[in-house]
Peer 1: 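This is the structure I have questions about; it appears just below.
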Amino acid sequence: HTMSMGSSMGHREEAPAAVHAAQRRSSIVGAAGAGCGAEVASVRASVRVQSRGSGWGSALVLSAALVGLGAVAGEGAPALRGLKPVPSDSIGRTGVAAAQHQLQFEPGSSSGHQGEMRLRSMETDLEARMVALENKVTKAKNAADESWILMSSTLVLMMTISGLALFYGGLVRVQNVLATVMQSFAIACLITVLWIAVGYSLCFTEGSVVYGSYQRFWLTGLTLETRHPLNPLVSEPVYCLYELTFAIITPALIPGAFADRMRFGPMLIFIALWHLLVYCPVAHATWMTDGFLHKARVLDFAGGNVVHITAGFSGLVSSIVIGKRTGYGAEQFSAHNMLISVLGASLLWVGWCGFNGGSAGSPSPRASMAVLNTNVSAATASLSWMFTEWALRHRPSVLGMISGAIAGLVTITPGAGYVNITGAFCTGLIAGPVVYFAAQLKHRFHFDDALDAFGIHAPGGVLGGILVAFFAEESIAGLDSHGVGINGIFYGDSGWRLLIQIYGIAVSIGWCVVMTYIILKVLDKVVGVRVKLEDELIGLDMVVHGTAIWGVDPVNSYMDNTVVSAGQLSEGTIKQWMDATPLNEEEEDVINMDLLPKETDKDEDPSTHGIGLYQGPNIPPVARVASISRFPSF
């Protein structure tokens with residue numbers, strides 16, 4: 001969008017040569033498209049130069065140029081279709097005829113004074129028409145910029161309330177599906193209100209090196225005419241909307257780490273505080289011109305540090321502070337509907353085109369490169385994850401394919417607008433196996449990252465930020481905040497940018513880990529963050545939200561005349577429930593005699609392994625939960 005202004009005409013030549021020059025410039029405008037604005041400026045300069053001369057040649061030049069630009073506008077720019085198209089081969093003679101018709105005098109005529117007055121009047125009229133044409137060109141360009149950012153905003157919003165909700169919802173157990181979807185939807189609503197109240201101002205106004213000022217609290221001063229310095233090509237309302245979608249999806253990633261076990265009310269408080277104390281300062285420090293990470297030249301094109309590292313490592317802290325799911329490590333927690341997760345991952349992939357492409361700020365070649373890089377990295381990482389899993393586990397899984405795609409999308413995010421196709425391909429190729437092994441760390445270190453919020457986003461964000469320092473190329477990335485060309489190690493950099501990237505990553509990790517730990521610890525002391533054991537076993541859909549995905553309450557309706565089998569519950573889980581829940585004498589007898597695991601004959605029906613058979617409404621809650629996990633329809 002930085003237009004190269006055309007040079008003004010030099011000394012006035014004879015009329016045919018001047019008309020030919022104007023015709024050539026008009027033809028160039030038609031070929032270049034975006035150069036229309038530059039041509040207007042050039043002709044405006046010609047008006048000022050030629051007005052100092054005399055004779056009818058300048059009038060011919062101006063008429064020919066104006067008619068030529070009108071032809072370009074009519075044929076190539078929908079916003080300028082009010083001007084009548086003129087064939088390019090007749091631009092010259094049309095301009096000459098128009099000038100002669102308006103002047104109505106011949107060179108050397110005795111009516112020279114009257115002709116000079118008409119000439120000046122014509123120059124004034126042409127100047128006004130040039131201004132009008134220039135305004136139309138500007139409006140057309142602004143409309144294109146606004147449309148691209150609006151579409152990108154819609155795509156990123158879809159990533160949260162549709163893509164992420166379905167992706168997470170399909171991966172949890174069936175008794176927690178609605179609770180998981182509810183978290184994504186509620187976070188979108190909560191962050192929207194916080195954003196217009198204080199969040200936007202804290203992130204994207206000039207203030208300190210960590211926070212913005214209060215200038216845009218409740219969006220005060222934001223109008224249709226205001227422009228944000230980070231993207232003056234669009235109106236500030238649409239820029240505010242686009243950044244809002246990033247603020248929404250970032251905290252919505254965190255619940256994937258503590259799925260199935262956090263109370264809904266404290267979760268909302270946690271997300272609100274996290275937005276103000278983690279997201280806002282990291283976003284301001286990284287992207288605003290007065291942020292200390294921005295001044296340090298840390299590169300983060302679309303949110304490797306701001307989105308994925310903060311959300312991923314905050315997910316790790318939350319999974320540790322809140323604790324493991326009951327039965328984790330002793331029982332198998334299977335995804336209840338993988339098809340839903342595939343649909344969610346597909347929506348995330350599509351939405352990511354707006355996530356990375358919109359970060360270019362306009363529908364420019366750089367935006368096209370960012371979208372292309374996004375797709376190349378996602379596809380490559382999905383394949384490399386699949387082949388890694390295939391080699392180690394002897395079968396490729398659907399979950400592995402979609403997890404690999406998400407890993408590639410996460411990893412390319414910091415460098416989507418900085419690297420070329422080779423860099424995008426290598427990013428995806430490396431991301432697949434690296435993130436795959438990183439996701440297995442929860443088994444090695446025994447923390448319960450339920451849906452791999454940490455396992456995918458944290459290592460992907462770190463890896464992507466580091467790879468920028470290797471694959472960035474100045475022809476795509478341009479200049480940094482200090483006016484220095486952005487090149488990676490493979491394109492001539494000495495390695496100092498790698499140190500800067502590591503510095504930015506370390507600061508982002510340290511800030512989010514410390515603040516997330518403090519927020520959760522304080523909340524746990526004040527209100528408590530974890531659901532009761534019995535509520536967790538029954539499921540958060542019924543306990544917290546009073547409904548279930550199948551439309552009935554299985555505990556009160558299905559269980560009345562159903563044989564119960566708790567074979568999937570471990571002895572440790574049952575004893576943990578018994579220790580936490582006071583039982584009367586009759587219930588204790590039932591538990592002791594018939595619910596604890598027992599030896600079975602090898603010919604016995606395996607569906608009854610580990611439990612006696614009971615019917616009726618007086619079955620203890622833990623047995624009812626066993627029924628839910630036992631029947632696939634639930």
Peer 1: Are Arg530 and Glu536 close enough for a salt bridge, meaning some N to O gap below 4.0 Å?
Peer 2: yes

Peer 1: What are the two closest heavy atoms between Pro433 and Leu429, and how far apart are they?
Peer 2: CD-O, 3.2 Å

Peer 1: For the pair Lys324 (side chain) and His446 (backbone), establish whether a donor and an acceptor sit closer than 3.5 Å, ignoring hydrogens and angles.
Peer 2: yes

Peer 1: Check the angle between the aromatic planes of His545 and Phe264 and answer parallel, tilted or perpendicular using the 30° and 60° thresholds.
Peer 2: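 Taking Phe264 first and then His545, their aromatic rings stand perpendicular (interplane angle over 60°).
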
Peer 1: For the backbone of Tyr200 and the side chain of Glu243, can you confirm whether one donor and one acceptor N or O come within less than 3.5 Å of each other?
Peer 2: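 Between the backbone of Tyr200 and the side chain of Glu243 there is no qualifying donor-acceptor contact (under 3.5 Å).
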
Peer 1: Could you go through residues 268-284 and list every donor-acceptor pair under 3.5 Å that involves a side-chain atom there, pairing it with any protein atom two or more places apart or in another chain?
Peer 2:
unit_1, atom_1, unit_2, atom_2, d
Trp274, NE1, Ser314, OG, 2.8
Trp274, NE1, Thr516, OG1, 3.2
His284, ND1, Cys203, O, 2.9
His284, NE2, Ser208, O, 2.8
His284, NE2, Tyr211, O, 3.3
His284, NE2, Asp290, OD1, 3.1

Peer 1: To check you understand the geometry: which heavy-atom pair defines the closest contact between Leu347 and Gly163, and what is its length?
Peer 2: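 So the two residues come closest at CB-CA, 3.7 Å.
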
Peer 1: Under a 3.5 Å distance rule, please check whether Asp300 uses its side chain to pair with a backbone N or O of Thr286 as donor and acceptor.
Peer 2: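 A pair under 3.5 Å: no.
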
Peer 1: Got Cys189 and Val193 here, is their nearest side-chain heavy-atom distance under 4.5 Å?
Peer 2: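 Not touching, per the 4.5 Å side-chain cut-off.
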
Peer 1: For Gly315, does its backbone N or O pair with a side-chain atom of Ser318 as donor and acceptor, under 3.5 Å?
Peer 2: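 Yes; judged by distance alone, with no hydrogens or angles, the pair exists.
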
Peer 1: Is the backbone of Ala381 close enough, under 3.5 Å, to the side chain of Ser384 for a donor and an acceptor to pair up by distance?
Peer 2: yes

Peer 1: Using the test side-chain hydrogen bond (donor to acceptor under 3.5 Å, both in side chains), find all partners of Thr180 that sit at least two apart in sequence or belong to another chain.
Peer 2: none

Peer 1: Are the side chains of Met401 and Val398 in touch, meaning some heavy atoms are under 4.5 Å apart?
Peer 2: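 The answer is no; the side chains never approach within 4.5 Å.
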
Peer 1: Is it true that a side-chain atom of Ser377 and a backbone atom of Leu409 form a donor plus acceptor pair closer than 3.5 Å?
Peer 2: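 Pair absent, no side-chain N/O of Ser377 close to backbone of Leu409.
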
Peer 1: Which distance, rounded to the nearest 0.5 Å, do you find between the CD1 of Ile191 and the CZ of Phe246?
Peer 2: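 Interatomic distance, Ile191 CD1 to Phe246 CZ, rounded to 0.5 Å: 15.0 Å.
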
Peer 1: Got a sec, which residues hit side-chain hydrogen bond (donor to acceptor under 3.5 Å, both in side chains) with Arg395, two or more places apart in sequence or on another chain?
Peer 2: none

Peer 1: Using modelled atom types and a 3.5 Å cut-off, is there a donor and acceptor pairing between side-chain atoms of Ser346 and backbone atoms of Val342?
Peer 2: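 At least one qualifying donor-acceptor pair exists.
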
Peer 1: With Trp511, which residues qualify under side-chain hydrogen bond (donor to acceptor under 3.5 Å, both in side chains), at least two apart?
Peer 2: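 Trp511 satisfies side-chain hydrogen bond (donor to acceptor under 3.5 Å, both in side chains) with no residue once adjacent residues are dropped.
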
Peer 1: As an exercise, state the distance from CG of Asp448 to NE2 of His443, rounded to the nearest 0.5 Å.
Peer 2: 9.5 Å

Peer 1: Answer yes when Lys442 and Asp452 have at least one side-chain N-carboxylate O distance shorter than 4.0 Å, and no when they do not.
Peer 2: yes

Peer 1: Show the numbers, then the answer: is there a side chain to side chain contact (heavy atoms under 4.5 Å, CB included) between Leu171 and Leu399?
Peer 2: CA-CA 9 Å; Leu171 293 178; Leu399 179 59; 3.6 Å; yes

Peer 1: Tell me, with the steps shown, if Ile466 and Gln501 meet side chain to side chain contact (heavy atoms under 4.5 Å, CB included).
Peer 2: CA-CA 6 Å; Ile466 292 175; Gln501 289 299 101; 5.7 Å; no

Peer 1: Evaluate the criterion side chain to side chain contact (heavy atoms under 4.5 Å, CB included) for residue pair Met158 and Leu155; output intermediate values, then yes/no.
Peer 2: CA-CA 5 Å; Met158 179 193 71; Leu155 290 172; 4.3 Å; yes

Peer 1: For a quick test of reading the model, state the closest non-hydrogen atom pair linking Gly415 to Phe301 and the distance between them.
Peer 2: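 What the structure gives for the nearest pair is N-CB, 4.4 Å.
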
Peer 1: What closest approach, in Å, do Pro414 and Gly461 show between heavy atoms, and which atom pair accounts for it?
Peer 2: CG-O, 4.2 Å

Peer 1: Any side-chain heavy atom of Ile402 sitting closer than 4.5 Å to one from Met338?
Peer 2: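 Result yes, sub-4.5 Å side-chain heavy-atom pair found.
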
Peer 1: Examine distances only and state if a side-chain atom of Asp541 and a backbone atom of Ala179 form a donor-acceptor pair shorter than 3.5 Å.
Peer 2: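 Yes; at least one donor-acceptor contact below 3.5 Å.
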
Peer 1: When you compare the side chain of Phe471 with that of Tyr418, does any pair of heavy atoms fall below 4.5 Å?
Peer 2: no

Peer 1: So if I apply the side chain to side chain contact (heavy atoms under 4.5 Å, CB included) rule between Val462 and each of Val410, Ile505, Val435, which one comes out positive?
Peer 2: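 Output: one option passes, namely Ile505.
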
Peer 1: Can you pull out every ring pair (Phe, Tyr, Trp, His ring centres under 6.0 Å) where at least one residue sits in residues 304-325? Sequence neighbours excluded, please.
Peer 2: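 Those involving residues 304-325 are His308-Trp352, His308-His457, Phe313-Phe454.
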
Peer 1: Roughly how far, to the nearest 0.5 Å, is the CG atom of Leu316 from the CZ atom of Phe445?
Peer 2: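 It is 10.5 Å, given to the nearest 0.5 Å.
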
Peer 1: Would you call Phe355 and Val307 a side-chain contact if the rule is heavy atoms closer than 4.5 Å?
Peer 2: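 In short, these two side chains touch, coming nearer than 4.5 Å.
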
Peer 1: When you compare the side chain of Asn375 with that of Cys353, does any pair of heavy atoms fall below 4.5 Å?
Peer 2: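 In short, these two side chains touch, coming nearer than 4.5 Å.
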
Peer 1: I'd like to know if the side chain of Arg263 reaches the main chain of Val527, judged simply by a donor and an acceptor atom lying under 3.5 Å from each other, with no hydrogens or angles considered.
Peer 2: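 Flag set: sc Arg263 to bb Val527 pair under 3.5 Å.
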
Peer 1: Mind checking the CG-CG spacing from Asp535 to Asp260? Nearest 0.5 Å is all I need.
Peer 2: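 The CG atom of Asp260 is 13.0 Å from CG of Asp535, to the nearest 0.5 Å.
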
Peer 1: So, using side-chain hydrogen bond (donor to acceptor under 3.5 Å, both in side chains) as the criterion, who are the partners of Arg261 when residues are at least two apart?
Peer 2: none

Peer 1: Which value, rounded to the nearest 0.5 Å, describes the distance between Met262 atom CE and Asp524 atom CG?
Peer 2: 8.5 Å

Peer 1: Measure across Met386 and Pro396 and return the closest heavy-atom pair with its distance rounded to 0.1 Å.
Peer 2: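 What the structure gives for the nearest pair is CG-CB, 3.5 Å.
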
Peer 1: In terms of side-chain heavy atoms, does Ser359 have a donor or acceptor partner in Tyr242 at a distance below 3.5 Å?
Peer 2: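 Indeed, the side chains of Ser359 and Tyr242 share at least one donor-acceptor pair under 3.5 Å.
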
Peer 1: Measuring only between side-chain heavy atoms, which start at C-beta, is Asn356 closer than 4.5 Å to Thr413?
Peer 2: yes

Peer 1: Passes side chain to side chain contact (heavy atoms under 4.5 Å, CB included), Tyr503 versus Leu293? Steps please.
Peer 2: CA-CA 9 Å; Tyr503 164 71; Leu293 294 178; 3.7 Å; yes

Peer 1: Closest heavy-atom contact between Ala453 and Gly256?
Peer 2: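 What the structure gives for the nearest pair is CB-C, 3.9 Å.
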
Peer 1: Under 4.5 Å between any side-chain heavy atoms of Leu467 and Cys426, yes or no?
Peer 2: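 No, too far: nothing below the 4.5 Å cut-off.
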
Peer 1: Just how far is it from atom CG of Leu178 to atom CD of Gln183, taken to the nearest 0.5 Å?
Peer 2: 11.5 Å

